[in-house]
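Here the structure is laid out as structure tokens; the discussion comes afterwards.
For ligands, and for the atoms within them, numbers begin at 1 and follow the listed sequence. Atom set for the values below is all heavy atoms of this structure, side chains included, hydrogens, waters and symmetry mates excluded.
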Amino acid sequence: MQPRILFVCLGNICRSPMAEAALRAQAVEAGIALTIDSAGTGGWHVGKAPDPRAQAETLRHGIDIAGYRARQVAVEDFRTFDFIYALDPQNLRDLHAIAPRRPLAKVGLLMDLVPGREGSAVIDPYYGDEQDFRATWEDVRAAARQIVAAFSR
Ligand code: 4NP
């Protein structure tokens with residue numbers, strides 16, 4: 001079965017959908033089959049499309065995420081995904097707090113994948129501006145590169 005990867009942020013309307021988009025595009029480009037999804041630790045935006053600024057940023061890179069819908073992370077996710085990547089350290093703590101005793105998924109911090117960025121957050125752009133969404137894109141694109149490289153070996 002192909003590797004299953006879940007990205008988790010707080011609202012599932014900014015950072016994790018952008019991470020999902022970046023990895024989907026890079027996996028297609030690299031010709032590798034991955035199952036990719038995203039979710040939020042919080043439930044406020046469940047059912048909503050990504051933030052318009054996140055949509056605009058991914059669209060600048062030719063990727064349309066208007067059809068994505070936010071969902072909240074669930075305990076089953078720890079059994080149906082192989083890897084769960086938290087977008088920031090608080091999301092990681094929240095994931096550990098709800099993880100079942102014997103998860104299938106390896107749970108880690110996304111930026112730990114990027115050399116020199118270990119331990120760091122993908123900064124929440126929700127209260128920021130267009131520049132912050134550009135920075136989010138650069139971070140998630142860099143992390144997606146590492147994931148693709150790992151599965152291309
Ligand atoms: P995300 O951004 O976690 O990257 O999707 C946020 C979205 C919504 C909120 C916070 C962060 N909020 O407080 O509603």
Side-chain angles (χ1 to χ4, degrees), residues 3-29 34-100 103 105-148 150:
R4 296 158 299 189
I5 299 166
L6 179 68
F7 297 107
V8 176
C9 63
L10 178 58
N12 193 210
I13 55 168
C14 299
R15 293 166 291 174
S16 62
M18 292 173 77
E20 178 181 348
L23 184 58
R24 282 188 188 281
Q26 289 187 33
V28 167
E29 207 169 292
L34 300 173
T35 296
I36 308 162
D37 197 6
S38 63
T41 57
W44 315 282
H45 300 282
V46 168
K48 294 219 192 103
D51 186 287
R53 298 163 297 173
Q55 293 192 40
E57 178 58 24
T58 59
L59 211 48
R60 278 193 341 110
H61 306 283
I63 305 164
D64 183 356
I65 61 170
Y68 290 16
R69 291 294 176 268
R71 73 171 180 89
Q72 192 166 18
V73 70
V75 174
E76 302 87 78
D77 289 321
F78 292 86
R79 301 194 183 92
T80 55
F81 286 89
D82 302 297
F83 299 91
I84 301 179
Y85 292 115
L87 277 276
D88 72 32
Q90 183 60 54
N91 304 149
L92 183 61
R93 286 191 288 274
D94 291 342
L95 283 171
H96 284 313
I98 62 163
K106 281 192 181 172
V107 181
L109 186 66
L110 184 65
M111 294 309 281
D112 278 353
L113 299 175
V114 182
R117 300 292 303 279
E118 296 89 346
S120 70
V122 176
I123 304 290
D124 185 353
Y126 187 65
Y127 296 103
D129 59 20
E130 194 177 302
Q131 274 310 115
D132 298 294
F133 280 83
R134 289 196 184 191
T136 300
W137 178 257
E138 292 307 319
D139 284 354
V140 299
R141 192 181 60 148
R145 275 218 196 91
Q146 298 298 324
I147 294 172
V148 165

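Protein neighbours of ligand 1 below 4.0 Å, counting non-hydrogen atoms: C9, L10, G11, N12, I13, C14, R15, H45, D124, Y126, Y127.
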Steps toward side-chain contact (heavy atoms from CB on, under 4.5 Å) verdict (L113, Y85): CA-CA 10 Å; L113 299 175; Y85 292 115; 3.8 Å; yes
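Using a 4.5 Å heavy-atom threshold, the side chains of M18 and D139 count as separate. Contact check for P89 versus L109: side-chain heavy atoms found under the 4.5 Å cut-off.
Residues D94 and Q90 have side chains that bring a donor and an acceptor to within less than 3.5 angstrom of each other.
With values rounded to the nearest 0.5 angstrom, L110 atom CG is found 6.0 Å from F7 atom CZ.
Q26 places a side-chain N or O within 3.5 Å of a backbone atom of R141 that can act as its donor or acceptor partner.
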